[in-house]
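A quick write-up on the structure given underneath.
What you see below is based on every heavy atom in this structure, not just the backbone, and it leaves out hydrogens, waters and symmetry mates. Sequence lines set the chain letters: A, B, ... in the order given, protein chains first and strands last, and positions in each chain run from 1.
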There are 2 protein chains.
Amino acid sequence: MPLEPKTPAPTVAVEDYAKAIYALSHDGRDAVATTALAERLDVTPASASAMVKRLDEMGLARHAPYHGVELTDRGLQLALEVIRHHRLLELYLAESLGVPWDRVHDEAEVLEHVLSEELEELIAVKLGDPERDPHGDPIPSRDLEIVELPTDTLASLEPGARGRFVRISDSDPHMLRYLAERGIAPGADFEIVDKQPFGGPSFARFGDAVHVLGGELASRMRVEVER
Amino acid sequence: MPLEPKTPAPTVAVEDYAKAIYALSHDGRDAVATTALAERLDVTPASASAMVKRLDEMGLARHAPYHGVELTDRGLQLALEVIRHHRLLELYLAESLGVPWDRVHDEAEVLEHVLSEELEELIAVKLGDPERDPHGDPIPSRDLEIVELPTDTLASLEPGARGRFVRISDSDPHMLRYLAERGIAPGADFEIVDKQPFGGPSFARFGDAVHVLGGELASRMRVEVER
DNA sequence: GTTCAAAGTTAGGCATGCCATAATTTCGGC
DNA sequence: GCCGAAATTATGGCATGCCTAACTTTGAAC
Ligand SMILES: [Mn+2]
Ligand SMILES: [Mn+2]
Ligand SMILES: [Mn+2]
Ligand SMILES: [Mn+2]
């Protein structure tokens, strides 16, 4: 029987490009600009352009020259697979090994490319097939379905509004540590007590304590509003 | 202040060469033949020769052309560091994630090169600073001390001898699975019941059951003899 | 002491992978 | 249609790590 063309295992860089395209198109299906990709991955546009061409040849993306890239089905699968690895690892490291939540991201960023399917499965089972990572990001299911719920930012709420803090970017350790020190984590209910205009801080009550959340921070905290 | 020469992080290949030199010299301090290294790593002698030259230039090994390689202090540290990672990971995967002991080796072989110092430490603490991995191999301590106790092979024992099975190579999954199926693991006490000559099998009683251990297998099972 | 096979090294290449700079092309709004 | 921004191509660099073929060295046998 003739050997199949046998796709070589994707490299770390290829996986990172797939993830980046997914993140920038926000569901992997919209076209992403080369420049945006280059900026996110901290390479020159020329490098991103070349790499995108390779992803296309590999069947992971469709590249319409001068009009952006989007992931193919296979590319989307790859991105979601790596994201599943990443988020499962983050949660696992936090829960089982006690790694502080502001540091799980960097560890997962490396391990995600190396985790075997067998370990992925064992971890998922051990964690009880979790739906969210420590930062509130949804974890793609075993069959790579992912549900991205639309959210508001805490900064957009006016005094009197109540809601639940559900999600925050995992990439800024300082913000995460700041929140951790105050015991604020995704899942926490709050009420807006006061708010200053023009990017000023929001004052939010979590439990008994009122916290001051700077405009920058408040605009990165994603919330579900209670209606 | 002038920048230090700043050693680049060792690559996976470099780490594997250091480990191999350590294993072949059996304490990292005896000269190892290029050919032996090449065979173990499954590359040509020419490739091993070139690589050994690089390790020398990196200060990880001393290469006396035509007379073998040995590790420098730094090379020995590197080898032991990676071995510590490997063995801690094997034990961790077996204990905490339930990976069968015939499969932990391959997983650890990859992860050992990627494990951060922080995770290494958390794992070590979680396991209670263990001294041996699931195959009975000693785990280098935090400060990279390692104790390799001399052992006999089970095959060398005559009927009537008693002892404890303490160690077996982690690299042959079939042997490991065979032993696992029979409930035989390092730490188990036994007595030799019978033995056939010329590489024939040994018959050993572990607990209540007598097991037949082929010559090949019996010669790879390391034991401490009760005197 | 010579010889000669085995062990080891060097020379020269090749493949992969990823990125950079510089020059050029294309696009799309005006 | 012009023109600046966006993107692409053209080239090349560099790191890694492997190979084959040709050469050198070693050391043991005689
Ligand atoms: Mn997976
Ligand atoms: Mn996360
Ligand atoms: Mn270490
Ligand atoms: Mn082992």
Side-chain angles (χ1 to χ4, degrees), chain A residues 5-21 24-25 30-71 75 78-79 82 109-110 112-114, chain B residues 5-21 24-25 30-71 75 78-79 82 109-110 112-114:
Chain A
K6 180 60 170 148
T7 328
T11 62
V12 169
V14 166
E15 291 186 347
D16 283 340
Y17 271 88
K19 268 207 311 181
I21 295 169
L24 291 172
S25 68
D30 296 316
V32 169
T34 304
T35 315
L37 201 50
E39 189 163 338
R40 183 177 178 103
L41 294 170
D42 200 29
V43 296
T44 61
S47 298
S49 199
M51 205 58 181
V52 148
K53 198 172 162 191
R54 282 187 49 210
L55 288 237
D56 187 314
E57 286 158 3
M58 286 187 267
L60 297 173
R62 267 178 303 274
H63 181 207
Y66 296 101
H67 296 283
V69 227
E70 50 194 288
L71 295 173
L78 177 61
V82 178
E109 203 61 45
V110 178
E112 64 186 6
H113 303 291
V114 156
Chain B
K6 180 62 172 146
T7 327
T11 63
V12 169
V14 165
E15 292 187 347
D16 284 339
Y17 270 88
K19 268 207 311 180
I21 294 169
L24 291 172
S25 68
D30 295 316
V32 169
T34 304
T35 315
L37 200 50
E39 190 163 340
R40 182 175 178 105
L41 294 171
D42 200 29
V43 297
T44 61
S47 299
S49 199
M51 206 60 182
V52 149
K53 199 172 161 191
R54 283 186 48 207
L55 288 236
D56 187 311
E57 286 159 2
M58 286 186 266
L60 297 173
R62 268 178 302 275
H63 181 208
Y66 297 102
H67 295 285
V69 227
E70 51 193 286
L71 295 174
L78 177 61
V82 177
E109 203 59 47
V110 179
E112 64 186 7
H113 304 291
V114 155

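- Put simply, CZ on A:R54 is 16 Å from P on C:dA15, counting in whole angstrom units.
- Straight-line distance from the CG atom of B:L55 to the C1' atom of C:dT9: 16 Å, rounded to whole Å.
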(Q) Walk me through whether B:M58 and B:T7 qualify under side-chain contact (heavy atoms from CB on, under 4.5 Å). (A) CA-CA 8 Å; B:M58 286 186 266; B:T7 327; over 6 Å; no
Pairwise N/O distances under 3.5 Å, protein to nucleotides 19-23 of chain C:
unit_1	atom_1	unit_2	atom_2	d
C:dA20	OP2	A:T44	N	2.9
C:dA20	OP2	A:T44	OG1	3.2
C:dA20	OP2	A:S47	OG	2.8
C:dA20	N7	A:S47	OG	3.4

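- Considering only side-chain N and O atoms, B:T34 lies under 4.0 angstrom from the phosphate OP1 or OP2 of C:dT9.
- Remark: B:R62 pairs with B:R29, B:E70, B:T72 by the side-chain contact (heavy atoms from CB on, under 4.5 Å) rule, at least two apart or across chains.
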Q: Kindly indicate, with the supporting measurements, whether the criterion side-chain contact (heavy atoms from CB on, under 4.5 Å) is fulfilled by B:H113 and B:T11.
A: CA-CA 8 Å; B:H113 304 291; B:T11 63; over 6 Å; no
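- Between A:E39 atom CD and D:dA5 atom P the separation is 16 Å, expressed in whole Å.
- Between B:I21 and B:L55, some side-chain heavy-atom pair lies under the 4.5 Å cut-off.
- Going from atom NZ of B:K53 over to atom P of D:dG17 covers 16 Å, rounded to whole Å.
- Between atom CD of residue A:E109 and atom NZ of residue A:K19 there is a gap of 3.5 Å, rounded to the nearest 0.5 Å.
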(Q) The test is side-chain contact (heavy atoms from CB on, under 4.5 Å); show your working for A:L37 and A:L24 and say whether it passes. (A) CA-CA 8 Å; A:L37 201 50; A:L24 291 172; 4.0 Å; yes
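- Remark: B:T34 OG1 to B:K53 NZ distance equals 12.5 Å, nearest 0.5 Å.
- Within 4.0 Å (heavy atoms only), B:A33 reaches sugar-phosphate atoms of the nucleic acid but no base atom.
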Protein-nucleic acid N or O pairs under 3.5 Å, nucleotides 25-28 of chain C:
unit_1	atom_1	unit_2	atom_2	d
C:dT25	O2	A:Y66	OH	3.3

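- Atom NE2 in B:H63 sits roughly 12 Å away from atom C1' in D:dT25 (whole-Å rounding).
- Counting non-hydrogen atoms of neighbouring residues, nucleotides and ligands closer than 6.0 angstrom, the CD atom of B:E39 reaches no more than 12 such neighbours.
- In this structure, A:E57 places its CD atom 13 Å from P of D:dT8, rounding to the nearest Å.
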Q) Does the side-chain contact (heavy atoms from CB on, under 4.5 Å) test come out yes or no for B:D56 and B:V52, once each step is laid out? A) CA-CA 6 Å; B:D56 187 311; B:V52 149; 5.7 Å; no
